[in-house]
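One structure is given below, encoded as structure tokens.
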Amino acid sequence: MPNPRLSEKRWKISKEKEIAEKWQAENLYAKPTIKGKLFVIDTPPPYASGRWHMGGAIHYSQIDMIARYWRMAHGNTWFPLGIDRNGLPIEGRVEKDYKLKAHDTPRGKFLELCKTTLDKYENNIRDVMTLMGLSVDWSEPYRTDSPDYRTLTQSTFIELWKKGLIYEATKPNNWCPGCQTTLADAEVEHKTVHSHLVYLKFQLKEGGTIMIATSRPELLAACQAIIVHPDDEKYKEYQGKTAIIPIFNREILITPRQEAKTDFGTGAMMVCSYGDVNDVNLFRDMKLTETIVIDKAGKMNKLAGKYQGQFNLKARKNIIEDLKSEGFVEKIEEIEHDIPICWRSKDALELISLPEFYLKQMEFTEKIRELSDEIIFHPSWMKRPLIDWIDAVSQDWPISRRRFYGTPVPIFYCPDHGAWVPETGKYYESWDLVLPCPECGKDSKGDKRVLDTWMDSSVSALKVSQYDKDKEFFDKAFPVFLRPQAKDIIRTWLFYSLLRVYQITGEKAFEHVWISGHVTDTHGKKMSKSIGNVLYPETFVEKYGADAVRFQGAAETKLGADIRVNEERIRGAKKFVQKLYNVARFISMFEKPLTEDDSLLKSSDKWILSELSKVIKKSIEGYEEMDMFIPATEIRNFVWDTFAPHYIELVKTRAYDGDQGAIITLNLVLKALLKLLAPIIPFMTDAVYRELYGESVHTQKIPIVEIEEEHPTERLKAFNEKVWGAKKEKGISLKEKIELDVPLELKLYESDLIAMHHLKK
RNA sequence: GGGGCUAUGGUCUAGUGGUUAUGACGUCGCCCUUACACGGCGAAUAUCCCCGGUUCAAAUCCGGGUAGCCCCACCA
């Protein structure tokens, strides 16, 4: 056996590290210089508030596959990186890690702790990204908490303020008692809880009683009306009468309103500030006076009388007891209903009125729907959740947060001239800053609040396209080629990005949007620390290599579906990487062919090349749809089911004899396979390509279809299987001779078949 | 209450009108055939969720269910 040029018998996964370093040294993934259209990827800036698990590793590997393919197929691709560092998650992490409360800690000190903690997690993310072989350009990562990035956020704020799209208003909004801040609707999740529906008798001033059902009896003190449906015969005579609130003995009016449903509870409903959004609307429409009885910590305030100081759940329990003992309770039903909770802390939300800044979005929803029709979604049905959310948007976006680690609201207050905004293009640490009023020069203090972190990340498309830095680059890069992201942030990151970028540029932010499912554990369960099913990438990379982890990430499920991490499958992927290496090693035994002259090719050679052409075509189609499942499985099946067992066996003898046709073909196929798989398994393919062909595979062009001929592939395979079966049946070894005729339709390949099977006539 | 996705051998999965229904893992035989035993050859294992319909023909199209996951929605 001749010496293979690939000397190592096995592919050593420890080589992945060397290769990654080589990529760095050669600066392979640098920002393209400007010529023609630029393909910029609006990489999701990972949030640096915790150790990265398999979810991040696989998600970003998939994005990397798109980036690598696009670079090889279309050139001019830039895969930058940002790190998201603003907002609640890091504050929560710091409060937990250091066992303190942000509101009780000096602001400067707290911000410093956030920074250090962020750096720690950011390093972990970078390590994992390097480990996974991401082809990001590390040279200029942006951080959303850097003065540079925050300048962009503030400048866009100032622009929109001047356009009149931002205003301050006091209206009831989602309040998280745990995080001590207002939240946007997009940050609200729902949870089903067991609760009680309490039927209460209200005395009427005019005599008699009316019964209402409520799940929030602790809000009785805030009750301002009872409504009944205008057509409800049961309550016709009650309309306009006055009821007396139990315990608090305040008088309220019974009013007919369409909103009351005759078939729920008793048909009569109390309206309090604020049990839910329905109440908010009724207060507004009926011009009721709001009475807030729950404070910002979630405790009852002094308006709640004897219940003051109790958390609302506790107060609810107590008031039910009191109502019972005073004979107001008719009955109590067990119910299940959904309550709004905070996306971060999972605390139950209250509706509280506070002055906040709002960004107008109601008047833009129609436009965003139109823009979304101009964007190609991968997969197409993922547009649905976005449209659903657009339809669900019901109020403007509250963008100010009563928190600390965020971009400060760039608003200053002159004692004489009121709120004003400074010039764009600079960073303002407003909470710690006093500026002279542009009108009168008087000291103007900055606002103490910060912006919703989505105000920062929603302009990432502008950041990566150099909107604020490089006009020439921006013109070539905008709208941004691709927004890849996970499905759980459609209503936040995707929606807000489309909104904000449109408000600034008047255009769609992206040409393509690629949305992936969740990465789950082996059983399809979301990974979570409390369940204890969290898997970390380092373990798998160490055992099977990043190539194998990536391959399973590509070959596991189709576009948009959830991805299950499965160790068995990663092991299977490792086998495939090894199999391909073995094929390459076999081919490397023969001297590199001097020409690629196709007049030297035999029928068998043309057969495998036309099979290869089909695989290339299908793979490219898959890659263009950004669905790596297609190339991964197509190529895998081709290598394992066609190329290795049939073609290689067919031409082995010829190749050992030094036949150029066979050797040229083997190399052509190998090169094509390495290139086609390079986006998915970048390490092994690069090592082999460099060793055999002297260049990096990642700087190659994706191959195009070369030969298309009709060949009886299935019959060829069937014949081989027939011979193997026959030898097996006779109990003879494969190298023994056997008497069999080559069928007529396979005459073209007769000489190879005879040599392969040791046929005799 | 509305919507999306999914439903195929023990497990996972391919398959958008005609196939002996793919492949992987696992199981069971046989084999170190000069790239590969992390391999090769072969075997067993499927009422293609249920009920109707369209069609010469349905896993595949249509209607209606059921189950799981997810999203949206003010049932007090």
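For the C1' atoms, the distance from A21(B) to A58(B) is 13 Å, rounded to whole Å. Here the separation of G1(B) from C50(B), taken at their P atoms, is 26 Å to the nearest Å. Between A59(B) and A76(B), the distance separating the two C1' atoms is 47 Å to the nearest Å. Rounded to the nearest Å, the gap between the P atom of G23(B) and that of U45(B) is 15 Å. Comparing the same atom, C1', in G65(B) and in C28(B) gives a spacing of 40 Å after rounding to whole Å. Comparing the C1' positions of C12(B) and C74(B) gives a spacing of 42 Å, expressed to the nearest Å. The C1' atoms of G52(B) and G10(B) are separated by 32 Å, rounded to the nearest whole Å. Here the separation of C30(B) from C69(B), taken at their P atoms, is 45 Å to the nearest Å.
Atom CG in Asp232(A) sits about 15 Å away from atom C1' in C75(B), given to the nearest Å. Protein atom CD of Glu189(A) is 7 Å distant from nucleotide atom P of C71(B), rounded to whole Å. Rounded to an integer number of Å, the gap from Tyr274(A) OH to C75(B) C1' is 20 Å. When rounded to the nearest whole Å, the span between NZ of Lys487(A) and C1' of C71(B) equals 9 Å. Distance CZ (Phe576(A)) to C1' (G39(B)): 15 Å, rounded to an integer number of Å. Atom-to-atom, CG of Asp388(A) to C1' of G1(B) comes out at 14 Å; the value is rounded to the nearest Å. The distance from atom CD of Glu714(A) to atom P of U20(B) is 13 Å, rounded to the nearest whole Å. As rounded to whole Å, 16 Å separates atom C1' of G39(B) from atom OH of Tyr581(A).
Residues Glu350(A) and Asn174(A) have side chains that never bring a donor and an acceptor to within less than 3.5 angstrom of each other. Remark: the Thr182(A) side chain and the Asn173(A) side chain contain no N/O donor-acceptor pair separated by less than 3.5 Å. Using a 3.5 Å distance cut-off with no hydrogens or angles, the side chains of Tyr199(A) and Glu333(A) do pair a donor with an acceptor. Side chain to side chain, Thr262(A) and His229(A) fail the donor-acceptor criterion of an N or O pair below 3.5 Å. Side-chain polar atoms of Gln485(A) and Arg483(A) form a donor-acceptor pair below 3.5 angstrom. Defined by atom type and a distance below 3.5 Å, a donor-acceptor pair is present between the side-chain atoms of Glu567(A) and Tyr544(A). With 3.5 Å as the limit, one finds a donor-acceptor pair spanning the side chains of Thr642(A) and Lys717(A). Side chains of Thr492(A) and Glu187(A): a donor-acceptor N/O pair is absent below 3.5 angstrom, by distance only.
Of the two residues near RNA chain B, Lys722(A) and Lys652(A), the one whose nearest nucleotide lies more 5' is Lys652(A). Nearest-nucleotide positions on RNA chain B for Ile587(A) and Glu259(A) put Ile587(A) closer to the 5' end.
Among G3(B), C75(B), G40(B), the nucleotide with an atom closest to any side-chain atom of Lys261(A) is C75(B). Checking G39(B), G23(B), C36(B) against every side-chain atom of Lys9(A), the shortest atom distance belongs to C36(B). Comparing G42(B), G23(B), A76(B) by their nearest atom to the side chain of Glu721(A) picks out G42(B).
With hydrogens and angles disregarded, a donor-acceptor distance shorter than 3.5 Å links the side chain of Lys234(A) to the backbone of Thr266(A). A donor-acceptor pair under 3.5 Å links the side-chain atoms of Asn667(A) to the main chain of Ile663(A), judged by distance alone.
Pairing of C5(B), defined by two Watson-Crick or G-U wobble distances under 3.5 Å, is identified with G68(B). Across the strands present, A76(B) finds no partner; the criterion is a Watson-Crick or G-U wobble pair with both atom distances under 3.5 angstrom. Here G63(B) sits opposite C51(B) as a Watson-Crick or G-U wobble pair (both hydrogen-bonding atom distances under 3.5 Å). Across every strand in view, G17(B) sits unpaired, with no contact that passes the Watson-Crick or G-U test at under 3.5 angstrom. When Watson-Crick and G-U wobble pairs are counted only if both distances are under 3.5 Å, G29(B) pairs with C41(B).
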Below 3.5 Å between N/O atoms, which protein atoms pair up with nucleotides 27-31 of chain B? Just atom names and distances, please.
{"residue": "G29(B)", "atom": "N2", "partner": "Lys728(A)", "partner atom": "NZ", "Å": "3.3"}
{"residue": "C30(B)", "atom": "O2", "partner": "Lys728(A)", "partner atom": "NZ", "Å": "3.0"}

Considering only nitrogen or oxygen atoms on both sides, find all protein atoms under 3.5 Å from nucleotides 7-15 of chain B and state each distance.
{"residue": "C12(B)", "atom": "O4'", "partner": "Arg569(A)", "partner atom": "NH2", "Å": "3.3"}
{"residue": "C12(B)", "atom": "O2'", "partner": "Arg569(A)", "partner atom": "NH1", "Å": "3.4"}
{"residue": "C12(B)", "atom": "O2'", "partner": "Arg569(A)", "partner atom": "NH2", "Å": "3.4"}

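Contact between the side-chain N/O atoms of Lys579(A) and the OP1/OP2 oxygens of G40(B) is found at a separation under 4.0 Å. When the side-chain nitrogen and oxygen atoms of Trp640(A) are compared with OP1 and OP2 of G40(B), one or more of them lie within a distance under 4.0 Å.
Contacts of Glu649(A) with the nucleic acid, taken as non-hydrogen atoms under 4.0 Å apart, include base atoms. At a threshold of 4.0 angstrom between heavy atoms, the contacts of Ala392(A) are confined to the sugar-phosphate backbone, with no base atom among them. At a threshold of 4.0 angstrom between heavy atoms, the contacts of Lys727(A) with the nucleic acid are absent. Across all strands, Ala644(A) comes closer than 4.0 Å to base atoms (heavy-atom distances). When heavy atoms are screened at a 4.0 angstrom cut-off, Asp338(A) is found touching base atoms of the nucleic acid. Residue Arg10(A) is in base contact, counting any heavy-atom pair closer than 4.0 Å across all strands shown.
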task = I would like to know whether Glu634(A) and Arg636(A) meet salt bridge (Lys or Arg N to Asp or Glu O under 4.0 Å); could you show each step before the answer?
result = CA-CA 6 Å; Glu634(A) 280 293 329; Arg636(A) 182 183 193 287; over 6 Å; no
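Of the listed residues (Arg654(A), Lys652(A), His757(A)), just one forms a side-chain hydrogen bond (donor to acceptor under 3.5 Å, both in side chains) with Asp752(A), and that residue is Arg654(A).
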